[in-house]
Amino acid sequence: MMESFVFPGLTTRVVFGSGTMARAEEEIRRLGHDRVLVLSTPHQKADAEKLAGTIGALAAGVFAGATMHTPVEITDTAVEAFRASGATAVISLGGGSTTGLGKAIALRTGADQVVIPTTYAGSEMTDILGETSAGEKTTRRSPDIRPETVIYDVDLTLSLPVALTVTSAMNAIAHAMEAFYAPDRNPVIVLMIKDAMVAFRDGIPRLIEDPHDRAARSKALYAAWCCSTALGYVQMALHHKLAHVFGGSFDTPHAETHAILLPYTAAFNEAAVPELLTPIAEAFGGGSAGGGLWDFAKSVGSPLSLKAIGISEDDLDRATAIAVRNAYANPRPINPGSIRELLQTAWEGRRPGD
Ligand code: NAD
């Protein structure tokens, strides 16, 4: 018999394919806007200016100051630029940092958002915004945060460096991993993420060989959409909590932190709900979800240990204390001893279960 479920519907319009950035003007006009501010990081400023050039009179300017973890000071400056430009919508061209800035502007001004993602991090389909103020990162969810339209243009991902391609894909797989056991999972999301696991498994090794392989890029970006949808529509648990602890309190890099923790958090929860993680074990082999993900991570050169990103063994006690401070839903009950053990394995980079 089918499990009971609620399917909340998907509200964001998605345009996917090669060369789809050319549809930005049409998508902005479809939302009823005729002035739009284009956002990017400093690194992707030239791409943002190129896009602004192609949308002609629609472009109210470029703000190329997006930064990791959405600091509120940058948002304040961007909101000023948005208001001064006369724009009523934003186009966020880039990874999760740029999408985050677009969401922060939308929340403060009511702007509509068109997102053009260029990594696999998966912020574009979600109603989640993480912001930093005075060194503290806080996260909130609101329907006002969720972008109206996402344009996935495969061509823009051709330039994604191999290392970020790998860790960003692992970041996306982490959304799927937690969606498989989310208490509010539904069959549509599960179908999407099962497909995503196979697409990443097949696509990422090909991208290491040839980062410009358009067919493999297409598979990976499709998988990223599926995983972003999972992140945006069902609850996350221990894995995302731990990634937040390290990113927030130890300032570790976002995608690498997710990539490193993934096999260990998968193995931890697999002990409680092995049947729910079977699709991961089947996709990646290795006899278990945790083992399969570790083997895959190793084979694609993804970092495997917390030690490798500057965490000291002494930090693990503090990380454990922060991770268990507040209660949150997780398929396997959490206690300081078991989390400390998980972190020890992740710090050493040992294959889980060995
Ligand atoms: P990022 O957006 O910070 O990008 C990393 C760097 O790579 C930047 O300099 C960027 O300009 C560059 N880059 C991006 N795409 C490129 C491309 N195709 N070619 C060349 N360079 C490219 O990194 P990210 O991992 O995408 O995003 C991380 C941020 O997103 C974190 O702050 C995280 O908290 C947030 N995030 C939020 C959500 C959410 O739902 N709120 C989800 C996932 C991630």
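Just follow the structure's listing: the first ligand is 1, and inside any ligand the first atom is 1. Note that the structure is predicted; figures quoted are calculated from it, not measured.
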Looking at non-hydrogen atoms alone, which of [options] comes nearest to [atom]?
atom	options	value
atom 25 (O) of ligand 1	A121, P42, S123	A121
atom 4 (O) of ligand 1	T70, D153, T119, L231	T119
atom 27 (O) of ligand 1	P211, G96, A64	G96
atom 2 (O) of ligand 1	P253, S97, G248	S97

**OP:** Flag the pair H254 / H258 as yes when their ring centroid distance falls below 6.0 Å, and as no otherwise.
**Re:**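 When the ring centroids of H254 and H258 are compared, they turn out to be within the sub-6.0 Å range.
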
Looking only at protein heavy atoms, which one is nearest to [atom], and how far off is it?
atom	answer
atom 31 (C) of ligand 1	M68 SD, 3.6 Å
atom 15 (N) of ligand 1	T118 OG1, 2.7 Å
atom 22 (C) of ligand 1	Q44 NE2, 3.6 Å
atom 44 (C) of ligand 1	H254 NE2, 3.5 Å
atom 40 (O) of ligand 1	T126 OG1, 2.6 Å
atom 19 (N) of ligand 1	S159 OG, 2.8 Å
atom 11 (O) of ligand 1	T41 OG1, 2.6 Å
atom 12 (C) of ligand 1	H43 CD2, 3.8 Å

Subject >> Atom pair CD1/CG of I105 and L107 - distance to nearest 0.5 Å >> reply: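 So the CD1 of I105 and the CG of L107 are separated by 11.0 Å.
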
**OP:** Nearest 0.5 Å please: distance from the CD atom of E348 over to the CG atom of L343.
**Re:**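 Reported value, rounded in 0.5 Å steps: 11.5 Å.
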
Original post:
What's the shortest heavy-atom distance between A179 and I193, and which atoms?
Top reply: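 Between these two residues, the closest heavy atoms are CB-CD1, 3.7 Å.
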
**OP:** For R332 and A272, work out which heavy atoms get closest and say how close.
**Re:**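 That closest heavy-atom pairing would be CB-CB, 3.6 Å.
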
Original post:
Which one of K241, M236, R185 satisfies the side-chain contact (heavy atoms from CB on, under 4.5 Å) criterion with E178?
Top reply: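 Testing each of K241, M236, R185 against E178, the sole residue satisfying side-chain contact (heavy atoms from CB on, under 4.5 Å) is M236.
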
Taking heavy atoms and a distance under 4.0 Å, where does [X] meet ligand 1: side chain, backbone, both or neither?
X	answer
L158	neither
K137	side chain
L164	side chain
H69	both
L160	both

Subject >> R146 charged N/C atom sitting above Y233 aromatic ring, 6.0 Å / 45° >> reply: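 Yes; both conditions hold, so R146 lies above the ring face of Y233.
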
With heavy atoms of [X] as the reference, note each atom of ligand 1 found under 4.0 Å away.
X	value
G95	2 (O), 26 (O)
K103	39 (C), 40 (O), 41 (N)
I128	39 (C), 40 (O), 41 (N)

Original post:
Run the salt bridge (charged side-chain N to carboxylate O under 4.0 Å, His left out) check on R351 and D295 step by step: do they pass?
Top reply: CA-CA 8 Å; R351 188 178 189 275; D295 294 343; 2.8 Å; yes

Original post:
Taking it one step at a time, do R13 and E27 satisfy salt bridge (charged side-chain N to carboxylate O under 4.0 Å, His left out)?
Top reply: CA-CA 10 Å; R13 174 179 164 87; E27 291 301 325; 2.8 Å; yes

Original post:
Are R214 and D155 ion-paired here, with the side-chain N under 4.0 Å from a carboxylate O?
Top reply: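 Salt bridge present between R214 and D155.
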
Original post:
Does a salt bridge link E25 with R29, judged by any charged N lying under 4.0 Å from a carboxylate O?
Top reply: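 The answer is yes: the pair qualifies as a salt bridge.
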
Original post:
In terms of side-chain heavy atoms, does Y152 have a donor or acceptor partner in E124 at a distance below 3.5 Å?
Top reply: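 Yes - a donor-acceptor pair under 3.5 Å links their side chains.
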
Original post:
Can you find a side-chain donor-acceptor pair between N330 and Y181 that sits under 3.5 Å?
Top reply: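 The answer is no; no qualifying pair exists.
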
Original post:
For ligand 1, is there an atom lying under 4.0 Å from some heavy atom of M125?
Top reply: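 M125: no contact with ligand 1 (<4.0 Å).
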
Original post:
Do ligand 1 and H175 have nitrogen or oxygen atoms that lie under 3.5 Å from each other?
Top reply: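 Checking ligand 1 against H175, no N or O pair falls under 3.5 Å apart.
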
Original post:
G122 to ligand 1: N or O pair under 3.5 Å?
Top reply: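 G122 vs ligand 1: no N/O contact under 3.5 Å.
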
